[in-house]
Amino acid sequence: MSPHVLILGGTTEARELAAALTALPGVRVTTSLAGRVKRPGAVTGDVRIGGFGGADGLADWLRESRVDALVDATHPFAAAITANAARAAAATGVPAVVLRRPGWRPGPEDRWHPVASLDAAADLLPGLGRRVFLTTGRLGLAAFAHLTDLHFVVRSVEPPEPPLPPRTEVLLARGPFTVDEETALLSAHCIDVVVTKDSGGAATAAKLTAARHLALPVVVVVRPPLPEHVVAVPDVAGVLERLGLSPR
């Protein structure tokens, strides 16, 4: 019987994994997308859109669809989905693995301020700068809405959800971005502090290099911890090895 792999997707790594798995003979792949992004990247194999209804709903879907392996390749900050995936895998006995790109690491010349949440990031900002480049995604910006004296330049793939700070410019763009582009953007908008999540990966890392070159402070929201007993692998090759599906 052909193995059926369910990928909880939405990331570049999820698309890469789907392509690698569908290239293997006899492997059936289903990628599940939450549906929050209107124009997701192309995905190889079967695709389903929408949630499962929590851990219990996901467990039911794993049983009904005869899934043989579950890969959580969601965004590093999708903590609720990761927790539900771990619970569903434990309830059904389906082997599971988490695919997470490595996080960013500061260099000696970086001026990073790690924080645990968007609220904590907002608390730091008044002491760091007046013009903020905010790249934490389109959700959760209500944490900054009370900072009426600061000017925000918000970049996201799709329009951010309100409420927003009253003095906000929105830039809609999808990476990757170059260091030259990011340096020019920070300079053109007179940015004096950057806020980001530790998403990892190369597509949006150039802003960190640009901030270093301009000696700007960067407030970095650290990743939420993984559920107990859950271990992440950093790349597609690691997932294939864990699932016993490495190409011969």
Requested in this report: Report the C-alpha distance between Leu185 and Arg155 in whole Å, list the side-chain angles of each, state the deciding distance to 0.1 Å, and finish with yes or no for side-chain contact (heavy atoms from CB on, under 4.5 Å).
Outcome: CA-CA 11 Å; Leu185 184 152; Arg155 184 172 69 195; 3.9 Å; yes
Linking I/L/V/M/F/W/Y whenever their side-chain heavy atoms sit closer than 4.5 Å, directly or via other members, would [X] and [Y] fall into one cluster?
{"X": "Leu124", "Y": "Trp112", "answer": "no"}
{"X": "Phe133", "Y": "Val170", "answer": "no"}
{"X": "Leu70", "Y": "Leu226", "answer": "no"}

Compute whether any side-chain donor of one residue and acceptor of the other, for [X] and [Y], lie under 3.5 angstrom apart.
{"X": "Thr74", "Y": "Asp72", "answer": "yes"}
{"X": "His213", "Y": "Glu109", "answer": "no"}
{"X": "Arg28", "Y": "Ser65", "answer": "no"}

Query raised in the report: Can you name the closest pair of heavy atoms from Gly9 and Ala14 and give their distance?
Result: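 Result for this residue pair: CA-CB, 3.5 Å.
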Requested in this report: Would you indicate whether Glu241, at its atom CD, is surrounded by more than 12 heavy atoms from other residues, nucleotides or ligands within a distance under 6.0 Å?
Outcome: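 Incorrect, the count does not exceed 12.
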Supply the atom-to-atom distance [X] [atom1] to [Y] [atom2], rounded to the nearest 0.5 angstrom.
{"X": "Thr11", "Y": "Arg100", "atom1": "OG1", "atom2": "CZ", "result": "8.0 Å"}
{"X": "Glu158", "Y": "Leu139", "atom1": "CD", "atom2": "CG", "result": "10.0 Å"}
{"X": "Leu62", "Y": "Leu6", "atom1": "CG", "atom2": "CG", "result": "6.0 Å"}

Requested in this report: Test Val154 against every option in Thr168, Val195, Thr135 by the side-chain contact (heavy atoms from CB on, under 4.5 Å) rule and name the one that passes.
Outcome: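 Answer to the side-chain contact (heavy atoms from CB on, under 4.5 Å) test with Val154 among Thr168, Val195, Thr135: Thr168.
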